[in-house]
Structures are given as structure tokens and as C-alpha cells.
K.L.:
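My structure is below; once you've seen it, I'll send some questions.
Computation of the quantities below employed the complete heavy-atom set of this structure, encompassing side-chain atoms and omitting hydrogens, waters and symmetry-equivalent molecules. Predicted, not measured: the structure shown is a model, and the values here were computed from it.
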Amino acid sequence: MRLRHIEVFQAVLQAGSVSGAARLLNVSQPNVSRVLNHAEQQLGFTLFERSPQGLIVTPEGRRLMPEVEALFSHIQAIGVLAEQLRQGEGQHVRIGSAHALGHSVMAPVLVDFRRQIPGGSVELVTGHFNTLSQDLLHYKMDFALAFGEQVSSELISESIYHADMVALLPPDSPQEGPVSLSWLCDNDLLMLQQQDPLGQVLSRVLRENGLTPRSQLHIKTYSVIADLVLAGGGVGVVDTFTARRYINQLKILPVVEALPFEVILLSRKDQPSSQAALKLKQLIRHKLFCLQFRL
């Protein structure tokens with residue numbers, strides 16, 4: 001029996017008549033009769049006896065009923081599962097994130113995701129760019145949120161946020177308005193590591209302006225720079241996400257020279273996104289859009 005034969009057989013069983021089955025299936029009565037006759041021809045026996053009182057299932061048809069009911073129960077389960085997958089429920093997503101983005105972006109995004117997709121499961125790992133890239137290349141995560149830089153040819157990079165880095169000064173600093181890189185260098189500018197995405201930008205702009213910081217500290221984690229400024233260890237330049245976390249503890253000022261950075265979504269070219277992953281990406285884009293013009 002073909003699936004259409006089984007569907008019509010089940011509908012006739014439920015409705016008790018061809019006309020009732022047609023209404024259940026939202027098709028014409030001749031269409032149901034044609035499919036039922038074709039099924040009986042293929043089987044070599046009748047499924048129903050025609051009588052003035054209506055259709056009566058034959059002994060052969062009755063033998064088929066448990067299997068047909070089990071099949072339809074399974075089809076309904078498939079439909080429920082498909083809807084859950086469409087909504088992202090029951091899916092596990094593995095996400096990587098830069099440390100600063102994990103705090104400022106992913107934390108509220110995951111709260112929203114749990115509210116909207118209560119059946120979804122998420123694993124979040126924070127790390128530096130090279131670690132995130134390697135994990136993606138080894139299929140250890142589905143996608144990553146990172147600060148932009150050159151990526152492997154096996155990965156796709158989607159730019160979703162642009163801004164300029166800002167300066168962090170001690171809270172009692174008398175300085176007002178934008179500060180120059182020259183002023184920052186004269187006031188113990190704490191350096192980002194040159195291998196870091198933001199460190200590359202800062203080092204390039206310093207070279208272009210012929211500036212050499214006096215500080216011998218090169219730091220990879222942006223929040224550590226903020227903590228050092230807070231401890232009186234100098235001044236720093238960080239992304240707006242890190243700065244936002246210290247807005248009530250440090251003085252945050254724009255920098256005269258442009259220090260652009262971007263946030264990217266990283267994923268493998270050969271790994272399509274699940275519905276849950278697509279939903280998370282949508283929430284991330286929305287969160288970044290809301291933050292675009294706010295410090």
C-alpha cells in the first residue's frame with residue numbers, strides 16, 4: 001500500500017463513509033473513491049463491504065488496522081517533532097564567544113533565547129580568536145561571535161557590528177573630551193597584545209602616527225586592562241562592550257584618532273545552521289543593533 005492509500009483507508013475508518021473521509025481530507029468524494037478502489041486493486045482484496053448502512057471494514061481490513069493506526073501515530077509524532085525543530089526546540093547549539101562579547105552580548109541573548117525557546121539547549125564557551133577558530137575548524141562548535149580579523153578559507157565571516165575603541169581613564173582624571181593617542185602614550189597607555197584583533201588596530205594606528213608607548217605591559221584580556229586602569233596602573237584603550245561594563249567605575253572618553261573594530265559571526269562553510277542556531281544569530285544581531293549607538 002502506498003502512503004496515500006493508507007491515508008484514505010484511515011480517513012474512511014474514522015469517518016465511516018467516503019463522503020466523510022472526503023471532508024476530513026479536504027478533497028472531493030470521487031477522489032477518495034478512486035484512491036480506495038486503486039488500493040483494493042493493488043492489494044487483491046477489498047477493505048470495505050458496501051451496504052445500505054454504509055461501509056463495513058472487512059476481516060482483511062481489520063487485520064491492517066493496528067498497523068495503520070501505529071503508522072499514523074508515528075506520522076503525527078514526526079509532525080510534532082518537525083514543528084519543534086522549526087521553532088528550535090529540542091536542539092543543542094554550541095556557541096563560542098570572545099570574552100567581552102560573552103559578558104555584554106551573549107548573556108542577555110541567552111536569557112532571551114531561553115524565554116522564547118524553552119526547549120532549546122545552548123553551550124557557551126568563551127575564548128580568544130585563535131581558540132574559537134580552531135574549535136570551529138574541528139567541529140567543536142556551531143558558530144562563534146568574535147572581534148574581526150582575517151579568517152581561514154574554511155570559515156565564513158559575517159560582519160554585524162562596527163564601532164571605534166574608546167579610552168579608559170581613572171575616575172578622578174581631570175581630562176575632558178576626546179583624548180589623543182599622544183596624550184594616552186604620555187600617561188602610561190597599557191598595550192593590547194599585537195596578535196589580538198584590537199591590538200592589531202591599535203598598533204597600526206600608533207605606527208602611522210609615529211608613537212611609541214612607554215608601558216612594557218602587553219595584555220590580551222580587555223577586562224584586565226580596565227582593572228589595571230582602575231588600580232591606578234595607567235590608561236587603556238578597549239572596545240565599547242568592555243567599556244560599558246566599567247561605565248560607573250572609570251572615565252570613558254572618545255579617542256581623537258579613529259580606532260575601528262568590528263564584530264563578526266564565524267561559521268564553517270560546510271556546516272548549515274540549525275533553526276535554533278539561526279534564532280540565536282537573529283537575537284545576537286538584534287542585541288548588537290540596540291547597542292550600536294549606545295555606550
K.L.:
Can you name the closest pair of heavy atoms from R245 and Q249 and give their distance?
P.N.:
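That would be O-OE1, 3.9 Å.
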K.L.:
Is it the case that K281 places NZ or CZ above or below the six-membered ring of F143, under 6.0 angstrom from the centre and within 45 degrees of the axis?
P.N.:
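Yes; both conditions hold, so K281 lies above the ring face of F143.
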K.L.:
Is any side-chain heavy atom of L189 closer than 4.5 Å to one of V237?
P.N.:
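Yes, at least one pair of side-chain atoms sits under 4.5 Å.
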K.L.:
Testing the basics here: between F9 and G61, what is the closest heavy-atom pair and its distance to 0.1 Å?
P.N.:
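In terms of heavy atoms, the two residues are closest at CZ-O, 3.5 Å.
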K.L.:
Hey, are K279 and Q116 close enough side-chain-wise for a donor-acceptor pair under 3.5 Å?
P.N.:
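Looking only at side-chain atoms, K279 and Q116 do form a donor-acceptor pair, the distance falling under 3.5 Å.
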K.L.:
Answer whether the closest heavy-atom distance between the side chains of D188 and V235 falls below 4.5 Å.
P.N.:
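Contact flag for D188/V235 side chains = no.
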K.L.:
How close do L24 and A11 get, counting heavy atoms only, and between which atoms?
P.N.:
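What the structure gives for the nearest pair is CD1-O, 3.7 Å.
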K.L.:
Should we say atom CD of E60 is surrounded by more than 12 heavy atoms from elsewhere, each under 6.0 Å from it?
P.N.:
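Yes, enclosed.
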K.L.:
Is it true that the side chains of D239 and T242 contain a donor and an acceptor less than 3.5 Å apart?
P.N.:
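A pair is found: one side chain offers a donor N or O, the other an acceptor, under 3.5 Å apart.
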K.L.:
How long is the straight-line distance from CD of E176 back to CG of L253, given to the nearest 0.5 Å?
P.N.:
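L253 CG to E176 CD: 6.5 Å, rounded to 0.5 Å.
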K.L.:
Please indicate whether E158 has more than 12 foreign heavy atoms, meaning atoms of other residues, nucleotides or ligands, lying under 6.0 Å from its CD.
P.N.:
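Enclosed: over 12 neighbouring heavy atoms sit under 6.0 Å from CD of E158.
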K.L.:
Where the side chain of S97 meets the backbone of T126, is there a donor-acceptor pair that is under 3.5 Å apart?
P.N.:
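Flag not set: sc S97 to bb T126 has no pair under 3.5 Å.
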K.L.:
So does H286 have more than 12 non-hydrogen atoms from other groups sitting under 6.0 Å from NE2?
P.N.:
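No, the 6.0 Å shell around NE2 holds no more than 12 heavy atoms from other groups.
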K.L.:
Could you tell me which non-hydrogen atom of S152 sits nearest to which non-hydrogen atom of L137, and how far apart they are?
P.N.:
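Nearest heavy atoms, S152 then L137: OG-CD2, 4.0 Å.
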K.L.:
Output, in order, the C-alpha distance, side-chain angles, deciding distance and verdict of side chain to side chain donor-acceptor pair (under 3.5 Å) for E262 and S159.
P.N.:
CA-CA 7 Å; E262 64 176 348; S159 180; 2.7 Å; yes
K.L.:
Would you say D227 and Y222 are linked by a side-chain donor-acceptor pair, where the criterion is simply a distance under 3.5 Å?
P.N.:
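No.
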K.L.:
How about R268 and L155: do any of their side-chain heavy atoms sit closer than 4.5 Å?
P.N.:
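Yes. Closest side-chain heavy atoms under 4.5 Å.
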K.L.:
Donor-acceptor check, side chain of K251 to backbone of S173, threshold 3.5 angstrom: yes or no?
P.N.:
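Indeed, once roles are kept as given, a pair shorter than 3.5 Å links the two residues.
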K.L.:
Do M65 and L71 share a hydrophobic cluster (ILVMFWY, side-chain heavy atoms under 4.5 Å, transitive)?
P.N.:
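M65 and L71: one cluster.
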K.L.:
Can you measure from CD (Q194) to CD (Q200) and round to the nearest 0.5 angstrom?
P.N.:
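Output value for this atom pair is 9.0 Å.
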K.L.:
When you compare the side chain of S273 with that of D142, does any pair of heavy atoms fall below 4.5 Å?
P.N.:
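No; the side chains remain at least 4.5 Å from each other.
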K.L.:
Do the side chains of R285 and L288 get nearer than 4.5 Å, heavy atoms only?
P.N.:
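Answer no - side chains too far apart.
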K.L.:
Identify the heavy atoms of L206 and C185 that sit nearest to each other, and give their distance.
P.N.:
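Closest heavy-atom pair between L206 and C185: CD2-SG, 3.8 Å.
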K.L.:
How far apart are the closest heavy atoms of K287 and V109, and which atoms are they?
P.N.:
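The answer is CB-CG2, 3.8 Å.
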K.L.:
Verify the cluster assignment for L211 and V256: are they in a single hydrophobic cluster under the rule of side-chain heavy atoms below 4.5 Å apart?
P.N.:
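No; V256 is not reachable from L211 via cluster members.
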K.L.:
Following the transitive rule for hydrophobic clusters with a side-chain heavy-atom cut-off under 4.5 Å over Ile, Leu, Val, Met, Phe, Trp and Tyr, establish whether V205 and I219 coincide in one cluster.
P.N.:
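Yes; tracing contacts between hydrophobic side chains, which count when under 4.5 Å, links both residues.
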K.L.:
H5 vs H38 aromatic rings, parallel, tilted or perpendicular, using cut-offs 30° and 60°?
P.N.:
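Tilted, since the angle between the ring planes falls between 30° and 60°.
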K.L.:
Kindly say whether G127 contributes a backbone atom to a donor-acceptor pair with the side chain of T131 at under 3.5 angstrom?
P.N.:
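Not a single qualifying donor-acceptor pair exists.
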K.L.:
Would you compute the distance between atom CD of Q134 and atom NE2 of H128 and round it to the nearest 0.5 angstrom?
P.N.:
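Going from CD on Q134 over to NE2 on H128, the span is 14.5 Å.
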K.L.:
Please round to the nearest 0.5 Å and tell me the distance separating atom CG of L280 and atom CD1 of I117.
P.N.:
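L280 atom CG to I117 atom CD1 measures 8.5 Å (nearest 0.5 Å).
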K.L.:
Would you say CD of Q150 has more than 12 non-hydrogen atoms from neighbouring residues, nucleotides or ligands within 6.0 angstrom?
P.N.:
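Counting neighbours around CD of Q150, 12 or fewer heavy atoms of other residues, nucleotides or ligands fall under 6.0 Å, so no.
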K.L.:
Do E257 and N209 have side chains that get closer than 4.5 Å, going by heavy atoms?
P.N.:
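In contact.
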K.L.:
Just checking K220: does its NZ atom have more than 12 heavy atoms from other residues, nucleotides or ligands closer to it than 6.0 angstrom?
P.N.:
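Yes, the 6.0 Å shell around NZ holds more than 12 heavy atoms from other groups.
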K.L.:
Before you tell me yes or no, could you show the steps for F289 and I160 under side chain to side chain contact (heavy atoms under 4.5 Å, CB included), namely the whole-Å CA-CA distance, both residues' side-chain angles and the distance that decides it to 0.1 Å?
P.N.:
CA-CA 9 Å; F289 176 80; I160 58 174; over 6 Å; no
K.L.:
Between atom CD of Q193 and atom OG of S203, what is the distance when rounded to the nearest 0.5 Å?
P.N.:
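One finds 10.5 Å between CD of Q193 and OG of S203.
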K.L.:
Could you measure the distance from the CG atom of L250 to the CG atom of D172? Nearest 0.5 Å is fine.
P.N.:
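Atom-to-atom, L250:CG and D172:CG are 10.0 Å apart.
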K.L.:
Would you say N187's side chain and W183's backbone share a donor-acceptor pair under 3.5 angstrom?
P.N.:
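Checking the backbone N and O of W183 against the side chain of N187, a donor-acceptor pair under 3.5 Å is found.
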K.L.:
Can you establish whether the number of heavy atoms outside R114 located under 6.0 Å from its atom CZ is more than 12?
P.N.:
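For R114, atom CZ is not crowded (no more than 12 foreign heavy atoms under 6.0 Å).
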K.L.:
Around atom CZ of R50, are there more than 12 heavy atoms from other residues, nucleotides or ligands closer than 6.0 Å?
P.N.:
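Yes, enclosed.
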K.L.:
Do S274 and V93 have side chains that get closer than 4.5 Å, going by heavy atoms?
P.N.:
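Heavy-atom side-chain distance check passes, below 4.5 Å.
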K.L.:
Is there a continuous path of hydrophobic side-chain contacts, each under 4.5 Å between heavy atoms, that joins L36 to V27?
P.N.:
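Shared cluster, yes.
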K.L.:
Quick one: does F45's side chain get under 4.5 Å of E40's, heavy atoms only?
P.N.:
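They are not in contact (no side-chain heavy atoms under 4.5 Å apart), so the answer is no.
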K.L.:
Linking I/L/V/M/F/W/Y whenever their side-chain heavy atoms sit closer than 4.5 Å, directly or via other members, would I95 and I156 fall into one cluster?
P.N.:
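No, because I95 and I156 fall into different hydrophobic clusters, even though each may have its own neighbours under 4.5 Å.
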K.L.:
M141 and side chain to side chain contact (heavy atoms under 4.5 Å, CB included): which single residue from L266, L132, L124 fits?
P.N.:
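Per the side chain to side chain contact (heavy atoms under 4.5 Å, CB included) rule, the option paired with M141 is L132, out of L266, L132, L124.
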K.L.:
Below 6.0 angstrom between ring centroids: does that apply to Y161 and F147?
P.N.:
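No: the rings miss the under 6.0 Å criterion.
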K.L.:
Establish, from distance only, whether the side-chain atoms of S19 and S17 form a donor-acceptor pair under 3.5 Å.
P.N.:
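S19 vs S17: donor-acceptor pair found between side chains.
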K.L.:
Is it true that atom CZ of R204 has more than 12 heavy atoms of other residues, nucleotides or ligands lying nearer than 6.0 Å?
P.N.:
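Yes, because the 6.0 Å sphere around CZ of R204 holds more than 12 heavy atoms from other groups.
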K.L.:
Looking at T58 and T46, would you say the former's side chain and the latter's main chain have a donor-acceptor pair under 3.5 Å?
P.N.:
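Checking the backbone N and O of T46 against the side chain of T58, a donor-acceptor pair under 3.5 Å is found.
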